[in-house]
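The first residue of the sequence shown is numbered 1, and numbering continues consecutively from there. Numbering of ligands and ligand atoms starts at 1, following listing order. Just the heavy atoms: all of them, side chains too, but no hydrogens, waters or symmetry mates, feed the values below.
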Amino acid sequence: MITLINFSGGIDSTYCLYKYMKDYKKSDETVIVHHNILVNNTGRWQKELEACHKILNWLKEHGIDDFKYVETKFEQPKEFKTPLDSILHIGYISGVIALTYNISHIVYSSPRDEYERLGIIEMQRRSRNAEAVRKIVCGKTLSVIDMISNTKKKTLMKEIPKDLLDMCWFCRVPDADGKPCGECHTCKCVLPILKQINTKIK
Ligand SMILES: [Zn+2]
């Protein structure tokens, strides 16, 4: 069994990586952790990359590093405005990684909030498209390990160690100084929960 975990440095995929390595991974299983540096006009990629490296260091310090980490980079042409995220990451690039490392399983890391925000039909449509693209690239269907589609982000944030959570990046469109915008759908979901968790700790 060779498993691919797409890792963005955000809360959902960090939770899945942490939890999978701790509680799911079998002793004879190989895990490939992949981060795609998607350079586009949102200015998000530097923050994500920074978060990924901090999180990987944290995991190493805590002895959770029995995986191979792979980075790829894609520079989105400026005139191309449509976000490429799901098709590009889960579809095309995952297909290339699957082909390269003979991947058999892939971890999906969308929490229940995403299904509620976009609707199950839209989420299924995105998955089907990504899976079709992936199959064209790697020539096979990967088994999906769905870890958190029934779990709310709030629960993930409470379960993950606090210092690890603090390293995660979440804003879709940070400002020029790299601060969370406070306006995007992820900021609106995450900021009140972070405030709640921090208040409780104080
Ligand atoms: Zn934001």
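Of all heavy-atom pairs between Asn36 and Lys73, the closest is ND2-N, 3.9 Å.
By the criterion of a separation under 2.8 Å, the protein N/O/S atoms near the Zn ion (ligand 1) amount to Cys171 SG, Cys181 SG, Cys184 SG, Cys187 SG.
Salt bridge absent: Asp113 and Arg117 never bring a charged side-chain N and a carboxylate O closer than 4.0 Å. Taking a cutoff of 4.0 Å between a charged side-chain nitrogen and a carboxylate oxygen, Glu131 and Arg128 do not qualify as a salt bridge.
Residues satisfying the side-chain hydrogen bond (donor to acceptor under 3.5 Å, both in side chains) criterion with His35, sequence neighbours excluded, are absent altogether. The ring pair (Phe, Tyr, Trp, His ring centres under 6.0 Å) search around Phe67 returns none, not counting sequence neighbours. A search for salt bridge (Lys or Arg N to Asp or Glu O under 4.0 Å) contacts involving Asp23 returns Lys19, not counting sequence neighbours.
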